[in-house]
Amino acid sequence: MAEHNSYQYIETAFIHGGIYGDERTGAVNTPVYLTSTYKQDALGQDRGYEYSRTGNPTREALEALIAELEGGHAGFAFASGMAALTAIFSLLSHGDRILISSNVYGGTFRVLDKIFGRFGFRYTIVNDDTPDAFKAELTEDVKAILIETPANPLLTVTDIRLLAEIAHSKDVLLIVDNTFMTPYFQRPLELGADIVVHSATKYLSGHSDVIAGLAVVKNHELAEQLHFIQNATGGIQQPFDSFMLIRSLKTLGVRMDRHAENAEKIATYLSAHIAVKKVYYPGLHGAPGYSTHSKQASSGGAIISFDLEDEYSVERFFTGLKLIDLAESLGGVESLVCHPATMTHASIPKELREQVGITNTLVRLSVGIEHSEDLIFDLDQAIKAAGKQ
Ligand SMILES: *Cc1c(COP(=O)(O)O)cnc(C)c1O
């Protein structure tokens, strides 16, 4: 195991953090413990493991790693981002209320609306991403606030530090979905959040080959509660997928650097294009959330949304792309586009969708790590095709 005081930078922690390698054999990689159970040496005497739903060494290595990367007390690995969010929501009870921003991931809205609502745990959607708008909704029954910043798909930004102060003045938990930024660009716990959650399916995995969720909590009390829920409800990450994520996290820094470098070039290109009505990217100087975002994150990330001018056809734009695939998801090495109104945000009612700006002409682009010139070439010819009548 690496001495944790032998390095200072997160780039090194990606590779040496958590529980590095294997103490018994010296293997530099974490072994995959494909076991459901563990031999006990005598009645009531185990070696720290009893059953893999409760604990598995490969999953633990991943959990220790994400806890270290986010600067938290403990990490938890789940079978998906939604399983992680479901476990976090299970910290709340009947009669409690959660505030969510209007741009939250569609699945997050759906589980609150369609599942937790049936158990009497309510939500309020806050339509404006400013901390004051959340403050105005802080009724007595509010026990948690969940935000994404930048949020999906309009990349709106919320001031995490300010919102944490507001939340804590009323003993409310602040949960931040950090999927778009990763701990490389933004560490919400350091800004005052209580829980960070990831769809690790996205950048943390980075290769579009694993479905995974991670959660990190800031203190012992929340860790005990979330571990209890993780074990009781069982939405755990499997050992092999835990290994895959540890492997992916080793290259997170270099991948994110390239993702962001490409995204900046593409955002600049799109902003100058006459066919593009509006570009949403918090890394662009002058973008609405730019100043808040640059206080709390070190990069604009690599998700860009844009609205085509009315005379261009989104349908022809999508079919015109030759390199960039039309697909759900984001954060992989390959660039992907999607149509939020009919794909990721289809579970949000139409009126609410349009009210927040998720129009029919909105395109979301997850910028991969290909050469930026190839990506711009593909976008350029698809935009031309979209303009042909
Ligand atoms: C994809 C996503 C989720 C859901 O995660 P899954 O791994 O698909 O279950 C939650 N939040 C955000 C921001 C996402 O992009």
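The basis for the numbers below is simple: all heavy atoms, side chains too, and nothing from hydrogens, waters or symmetry mates. Each ligand, and each atom within it, is numbered from 1 in the order the structure gives.
For ligand 1, the atoms lying closer than 4.0 Å to a non-hydrogen atom of Glu148 are 13 (C). Remark: ligand 1 atoms within the under-4.0 Å shell around heavy atoms of Thr179 are 12 (C), 13 (C), 15 (O). Each of the following atoms of ligand 1 lies closer than 4.0 Å to a heavy atom of Met82: 4 (C), 5 (O), 6 (P), 9 (O). Every atom of ligand 1 is numbered from 1 in the order shown, and the set under 4.0 Å from a heavy atom of Ser80 is 7 (O), 9 (O).
Glu354 and Thr359 form no side-chain donor-acceptor contact under 3.5 Å, judged by distance and modelled atom types alone. Side-chain contact annotation: Asp380 with Tyr269, donor-acceptor N/O pair under 3.5 Å present. Under 3.5 Å, the side chains of Ser52 and Tyr33 contain no donor-acceptor pair of N or O atoms. Side-chain atoms of Thr130 and Asp132 include no donor-acceptor pair closer than 3.5 Å. For the 3.5 Å distance criterion, the side chains of Asn152 and Arg364 qualify, holding a donor opposite an acceptor. Side chains of Gln186 and Glu70: a donor-acceptor N/O pair is absent below 3.5 angstrom, by distance only.
At least one N/O-N/O distance between Ser199 and ligand 1 falls below 3.5 Å. An N or O contact shorter than 3.5 Å is missing between Thr108 and ligand 1 by distance. At least one N or O atom of Gly81 sits closer than 3.5 Å to an N or O atom of ligand 1. For ligand 1, none of its N or O atoms has an N or O atom of Ile211 under 3.5 Å away.
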Check residues 72-87 and write down every donor-acceptor pair under 3.5 Å in which the side-chain atom is one partner and the other belongs to a residue at least two apart or another chain.
{"from": "Ser80", "atom 1": "OG", "to": "Met82", "atom 2": "N", "distance (Å)": "3.4"}
{"from": "Ser80", "atom 1": "OG", "to": "Ala83", "atom 2": "N", "distance (Å)": "2.9"}
{"from": "Thr86", "atom 1": "OG1", "to": "Met82", "atom 2": "O", "distance (Å)": "2.8"}

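Closest to atom 11 (N) of ligand 1 among all protein heavy atoms lies Asp177 OD2, 2.7 Å. The protein heavy atom nearest to atom 2 (C) of ligand 1 is Lys202 NZ, 2.5 Å. Of all protein heavy atoms, the one lying nearest to atom 7 (O) of ligand 1 is Thr201 OG1, 2.7 Å. Among protein heavy atoms, the minimum distance from atom 4 (C) of ligand 1 is reached at Tyr105 CE2, 3.4 Å.
Salt bridge present: Arg59 and Glu63 bring a charged side-chain N and a carboxylate O closer than 4.0 Å. For Asp46 and Lys39, the salt-bridge test fails: no basic side-chain N is under 4.0 Å from an acidic carboxylate O.
With a 4.0 Å cut-off on non-hydrogen atoms, Ala212 touches ligand 1 through its backbone and not its side chain.
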